[in-house]
There are 2 protein chains.
Amino acid sequence: MLILKPGQALNLWHKAMLAQVRDDDPDLTTRQMAILLTVYLDPPPHTVRGLAAQLDVTKPVITRALDTMGIMGLVARRRDERDRRNVLVQRTVDGAEYLQRLGDLIADEAIETT
Amino acid sequence: MLILKPGQALNLWHKAMLAQVRDDDPDLTTRQMAILLTVYLDPPPHTVRGLAAQLDVTKPVITRALDTMGIMGLVARRRDERDRRNVLVQRTVDGAEYLQRLGDLIADEAIETT
DNA sequence: ATATACTGTTGCAGAACCGTAACGAATTGG
DNA sequence: CCAATTCGTTACGGTTCTGCAACAGTATAT
């Protein structure tokens, strides 16, 4: 149970956005970030269809976001051997590190936020 | 002084991203969001050059983001009459409401976040 | 075996964004 | 008054994302 006033929330959001924009790596889109966080924070397995349903977007959006983030090394794909139609989205070491840094960053800025 | 553990921070970020993706309005890019928050949270005046310097991006990025967000009604432009080379970025009622909703949303989800 | 349903992917045209460079308008300085 | 500077914008070419529709591959049911 965490108390956060709307004004504090915006300040926090602001700092986190600024940090994202200012660093050199290309920004993830909002959709890519939502997918990444879902894969790492919600329990597996994660399929293309499942992610599309949860985010309320079309399947090609998921496929392409996985392409991009796969190249970046943030997620990996593997065929489901039990039902070979499915693709299982898997976590990677790089992705875990990326999100850990993000979490630390937001937490640090929360402390500085009045 | 706000204590927020990295794990909580990611959960909060996740929920906020999901809410952004799922609603119907088109998502703002990370840069657009950073600009919008800066305009509304930092004290005016805001110029194209100043915003570009603060976000460490080029001026055309700011111009285009202002174009897009101007069409959405989230910000407005006005010529600086003291120095007519400058453009002053101004807040709008719609933009204020948009950010207020965003702040409330994050704050609400913070409470639900373990 | 054949038809049906379901998975994820790809093709295509359109829109948005990016970075660099050039530009017109306004101001400042010699 | 004219050159140099500063401001924001626009032009260009390239990349990425989007939405929709069609697609091949796999599983299921008749």
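Labels below follow one simple rule: chain letters A, B, ... track the order of the sequence lines, proteins then strands, and each chain is numbered from 1.
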Rounding to a whole Å, what distance do you find between Lys59(B):NZ and dA21(C):C1'? 12 Å
Hey, which sits more toward the 5' end of DNA chain C by its nearest nucleotide, Asp27(A) or Leu88(A)? Leu88(A)
Side chain of Arg49(A), heavy atoms from C-beta onward: which of dT7(C), dC7(D), dC17(C) has the nearest atom to it? dT7(C)
Choosing from dG8(C), dG8(D), dT27(C), which nucleotide comes nearest the side chain of Val48(B)? dG8(D)
Please report the distance, rounded to the nearest Å, between CD1 in Ile35(B) and P in dC18(C). 8 Å
Below the 4.0 Å mark, does dT27(C) have OP1 or OP2 next to a side-chain nitrogen or oxygen of Arg85(B)? no
Report the distance from atom CG of Leu66(A) to atom P of dC17(D), rounded to the nearest whole Å. 12 Å
Expressed as a whole number of angstroms, how long is the span from Arg82(B):CZ to dT6(D):C1'? 15 Å
Between dT9(D), dG19(D), dT20(C), spot the one nearest the side chain of Thr58(A), thanks. dG19(D)
Please report the closest heavy-atom contact between Arg91(A) and Asp42(A), naming both atoms and the distance. NH2-O, 3.0 Å
Quick check for you: among dC7(D), dA21(C), dT18(D), whose closest atom lies nearest to any side-chain atom of Asn86(B)? dC7(D)
Once hydrogens and angles are ignored, does a donor-acceptor distance under 3.5 Å link the base of dG11(C) to the side chain of Arg64(A)? yes
Between C1' on dT16(D) and CE on Met72(A), what's the gap in Å once rounded to a whole number? 10 Å
Nearest-Å distance for atom pair CG/P, residues Asp80(B) and dT6(D): 17 Å
Spacing of Leu51(A) atom CG relative to dG8(C) atom C1', expressed in whole Å: 12 Å
Under 3.5 Å: donor-acceptor pair, side chain of Thr92(A), backbone of Gly73(A): yes
Is Arg78(A) reaching over with its side chain to a backbone N or O of Leu88(A), donor-acceptor style, under 3.5 angstrom? no
Of the candidate nucleotides dT9(D), dA27(D), dC12(D), which contains the atom at the shortest distance from the side chain of Pro60(B)? dT9(D)
Starting from the 5' end of DNA chain D, give me the residue, Glu81(A) or Thr29(A), whose nearest nucleotide shows up first. Thr29(A)
Checking all strands, does Asp83(B) fall into the base, sugar-phosphate, or nothing category for heavy-atom contacts under 4.0 angstrom? sugar-phosphate
Atom CG of Leu99(B) and atom CG of Asp94(B): how far apart are they, to the nearest 0.5 Å? 11.0 Å
Please tell me if Thr63(A) has a side-chain N or O lying less than 4.0 Å from either OP1 or OP2 of dT10(C). no
Quick one: are Thr30(A) and Leu28(B) in side-chain contact, heavy atoms under 4.5 Å? no
Hey, does the side chain of Arg77(A) come within less than 4.0 Å of dT9(C)'s phosphate (OP1/OP2), counting only N and O? yes
For the residue pair Leu4(B) and Ala107(A), what are the closest heavy atoms and their distance? O-CB, 3.0 Å
Taking OP1 and OP2 of dA16(C), is either one under 4.0 Å from a side-chain nitrogen or oxygen of Gln32(B)? no
Report yes if at least one side-chain N or O of Arg31(A) is closer than 4.0 Å to OP1 or OP2 of dG19(D); otherwise report no. yes
Whole angstroms only, please: what is the CZ-P distance between Arg78(B) and dT9(D)? 14 Å
